[in-house]
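Heavy atoms only: backbone and side chains are in, while hydrogens, waters and symmetry mates are out.
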Amino acid sequence: MKNIIQFLPEKVIQQIAAGEVIQRPSSVLRELLENAIDANAKMIDIFIKNSGKTLIQLTDDGIGMSIEDAKMSIQKHATSKIKKTDDLFRIKTKGFRGEALSSIALISQLEIQTKNREDIVGIHLFVEEGQVKKQIPINMLKGTRISVKNIFYKLPVRRQFLKSSRIEFQHIIYEFHKIVLAHRNITYRFYHNDKIIFYFKKASLRERIQEIFKNEKKNLVPILIKKKRILVEGFVSVPDVSMKKGDQFLLVNQRSVSHLLLHKKIIHAYDGFLKNFKTASYFIFIFIDSSLINWNIHPTKKEVKLEEEETIGIMIQQEIKNVLFSQYKVKNKELKNYDIFLSCKSLKKDYLLNNLYEKLYDKEKVVRLENFSHKFNESGTFKKNVQLTDELYHLVDHPKKGEIKTFQIKRKYIIFVLNDEYMVLVDQHRAHQNILFEFFSRKKNLISQQFLFPIKVKLLKTESISLKNIKNDLISFGFHLYICKKYVYLYSVPEQIQQNMLIEVIQNIITYNFIKGKKNNKKKLIQIISKSASIKYGTKLYPEKMKCIIKDLFSCHNPNYTYSGDPIFFVLNKNFF
């Protein structure tokens, strides 16, 4: 019987490897741009035809190459940037693997024109299938011109899997934007089908963001973190309900990367500020000692591994939270001139709340009022929440007829008046979160709401293991479930969880990695449930529901702060009016 397993031809092996680096025309552009930047170019011209399928040409004024270097550049693993093993752990350049031009040469018709400062003439190489087919000397200025023609022309299967010209061009523009965001000291001219599309001169980061993303003009605020071996800077967006989708870029040492952990930390800094995290924008640059980075984990260097990335993520998250919170603070001098309630002095107390609602309807004034508590402490107009707990508890536990009148502001705050003297602003999301947290912390074997048919949720293997580790705790909270291989079947859930919140609750529970026997499993589970199942910002509340929340809140053991330390309500006294 004839053997059927045999070695692949070397040419096929090389083409398969090339396909890992060069996935589409945008991959070519990225590699050429990175080479030009490493060559210290100050001017880069890009010419694209047919969305890169016909031509991708890049001209730069960098240091150029000698004739021998130009020939070596198309060889596999030929590079000027790595000389020994230790260099792999201190990468400071864009390219380092020696795969870019060799991979491009295997899947296209490649031309290289280049000259360095020392040589009298340059060289023009014609390359096909990774081999130099022709070379001629040419007169040219210092620099390099690379022309990549007919990508995948020898690989028709790969070529037919390219998307439409519109989609491929979008990928090209996306890669171009990542580069011009990071390297703003270079002048770029970008042509498509002989028409100039972009012309970028040297610019600051804010200017470059505004040049590229026209909708990011007004709602960006800067962030800055300086530590011993790390610098983080950039811009993040403040919440904007008019935004449908934000722009999100994370760059490590000026290379755009995907980093799931850091992305989650950044996004969840907006907890309580945004309902839809897709509308958040961030342009965050991390500069870190190169010895703390491992770039060698992805063929196209799109992913990166950082030392102490959890700590870095927490630092960035906290800085964004601080920046977002500071956007709603009012400066000391503004406190004296603040006039939301200026006309309230002459009003009868019976009409205080009605007039208050009208005054607060102005969006700008509401936003400023929402985070006024710190200034109240400084000015003496803010009464400590702890001092009022007994009064508030007495009011909600023994209400007189018509005593509690509530309003909802911007579907975020419940407002009511206490003893015709104090105004109380209750954060509806934090209040309900606190109510649920204390409820699940105190109760066991809770009443459940049963489903007519079980709800089926698919699980990953790790999620199934995690869920089994807390199954008994879930049952004690009122979750009746059955775990079978790749699925969990839910037969009932605690009656405190509304059905429209159920999917979010389950998804957040299975996303967290619970370890069997860990002491804080139960507390973490309660935190996830209470946060996921609590009333969200933007939810309209009717008077009876608002009164119910107020009563439940001030029946809590600690109505002042959430488990994470966030204040739940603010109190203003009459001196403020």
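Y487 approaches L459 most closely through the heavy-atom pair C-CD1, 4.0 Å. Counting all heavy atoms, side chain and backbone alike, R208 lies closest to V180 at NH1-O, 2.7 Å. Pairing each heavy atom of I549 with each of A431, the nearest pair is CG2-CB, 4.0 Å. For I267 against A280, the heavy-atom pair with the smallest separation is CD1-CB, 4.3 Å. The two residues I497 and A533 make their nearest non-hydrogen contact at CG1-CB, 4.1 Å. Residues S530 and Q433 approach most closely at CB-O, 3.5 Å, considering heavy atoms.
Between atom CG of residue L231 and atom CD1 of residue I288 there is a gap of 10.5 Å, rounded to the nearest 0.5 Å. With rounding to the nearest 0.5 angstrom, the NZ atom of K545 is 10.5 Å from the CD atom of Q428. Here CG of L220 is found 6.5 Å from OG of S237. Values are rounded to the nearest 0.5 Å. Rounded to the nearest 0.5 angstrom, K178 NZ and I173 CD1 are separated by 13.0 Å. Note that NE2 of H263 is 10.0 Å distant from CG of L250, once rounded to the nearest 0.5 Å. Rounded to the nearest 0.5 angstrom, I230 CD1 and I312 CD1 are separated by 4.0 Å.
In this structure, V493 and I506 have side chains that are not in contact, with every pair of non-hydrogen atoms separated by 4.5 Å or more. A 4.5 Å side-chain heavy-atom check between V424 and I415 finds every atom pair outside the cut-off. Under the 4.5 Å side-chain criterion, counting only non-hydrogen atoms from C-beta, L490 is not in contact with Y482. Side chains of I293 and K305 form no contact here, defined as non-hydrogen atoms less than 4.5 Å apart. Residues I528 and T511 fail the side-chain proximity criterion, which asks for heavy atoms closer than 4.5 Å. Contact of the T462 side chain with the N513 side chain is not registered, since no non-hydrogen atoms from C-beta on lie closer than 4.5 Å. The shortest side-chain heavy-atom distance between F440 and I529 falls under the 4.5 Å cut-off. At a threshold of 4.5 Å between non-hydrogen side-chain atoms, the residues N253 and F287 count as touching.
Residue pairs meeting the ring pair (Phe, Tyr, Trp, His ring centres under 6.0 Å) criterion with at least one partner in residues 500-519, sequence neighbours excluded, are Y512-F514.
Side-chain polar atoms of S26 and H171 form no donor-acceptor pair below 3.5 angstrom. Side-chain polar atoms of N558 and Y563 form no donor-acceptor pair below 3.5 angstrom. In this model, no donor atom of one side chain and acceptor atom of the other lie less than 3.5 Å apart for H268 and Q317. Judged purely by distance below 3.5 Å, without hydrogens or angles, the side chains of N508 and S532 pair a donor atom with an acceptor atom.
Geometric assessment of K456 against the ring of Y489 yields a negative cation-pi assignment under the 6.0 Å and 45° thresholds. For the pair R184 and F285, the cation sits on the ring face: its NZ or CZ lies under 6.0 Å from the ring centre, inside 45° of the axis.
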- [ ] Kindly determine whether V488 and I455 satisfy side chain to side chain contact (heavy atoms under 4.5 Å, CB included), including the steps that lead there.
- [x] CA-CA 8 Å; V488 58; I455 295 175; over 6 Å; no

Task: Pair F235-I223, side chain to side chain contact (heavy atoms under 4.5 Å, CB included): steps then yes or no - done: CA-CA 6 Å; F235 292 90; I223 66 166; over 6 Å; no

Task: Step-by-step side chain to side chain contact (heavy atoms under 4.5 Å, CB included) determination, Q496 to L436 - done: CA-CA 8 Å; Q496 285 71 25; L436 292 176; 4.0 Å; yes

TODO: Tell me, with the steps shown, if I314 and K265 meet side chain to side chain contact (heavy atoms under 4.5 Å, CB included).
DONE: CA-CA 7 Å; I314 292 172; K265 293 291 185 185; 4.0 Å; yes

Open item on the list: side chain to side chain donor-acceptor pair (under 3.5 Å) for S534 and H432? Distances and angles first, verdict last.
Closed with: CA-CA 5 Å; S534 55; H432 195 221; 5.2 Å; no

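With hydrogens and angles ignored, the 3.5 Å screen pairs no side-chain donor or acceptor of D566 with any backbone N or O of Y561. At distances below 3.5 Å, not a single donor-acceptor pair connects side-chain atoms of S281 with backbone N or O atoms of G246. A donor-acceptor contact shorter than 3.5 Å is absent between the side chain of N520 and the backbone of K523. N521 places a side-chain N or O within donor-acceptor distance of the main-chain N or O of I515, the cut-off being under 3.5 Å. Proximity of a side-chain donor or acceptor of R430 to a complementary backbone N or O of P567 within less than 3.5 Å is detected. Distance alone, capped at 3.5 Å, is enough to place a donor-acceptor pair between the Q408 side chain and the T539 backbone. The backbone N or O of K551 lies less than 3.5 Å from a partner atom in the side chain of S555, making a donor-acceptor pair. Under the 3.5 Å distance criterion, the side-chain polar atoms of H429 are matched with a main-chain donor or acceptor of I535.
We find that E463 and K458 are not joined by a salt bridge, their nearest charged nitrogen and carboxylate oxygen being 4.0 Å or further apart. By the 4.0 Å N-to-carboxylate-O rule, E504 lies close enough to K536 to be salt-bridged with it. Ion pairing between a basic and an acidic side chain is recognised when a charged N comes within 4.0 Å of a carboxylate O; K226 and E233 show no such pairing.
Taking the six-membered ring where tryptophan is involved, the planes of F249 and F283 are essentially parallel, since the angle between them stays under 30° and well short of 60°. In this pair, F416 and F554 present their aromatic rings perpendicular. The plane angle is above 60°, beyond the 30 to 60° band.
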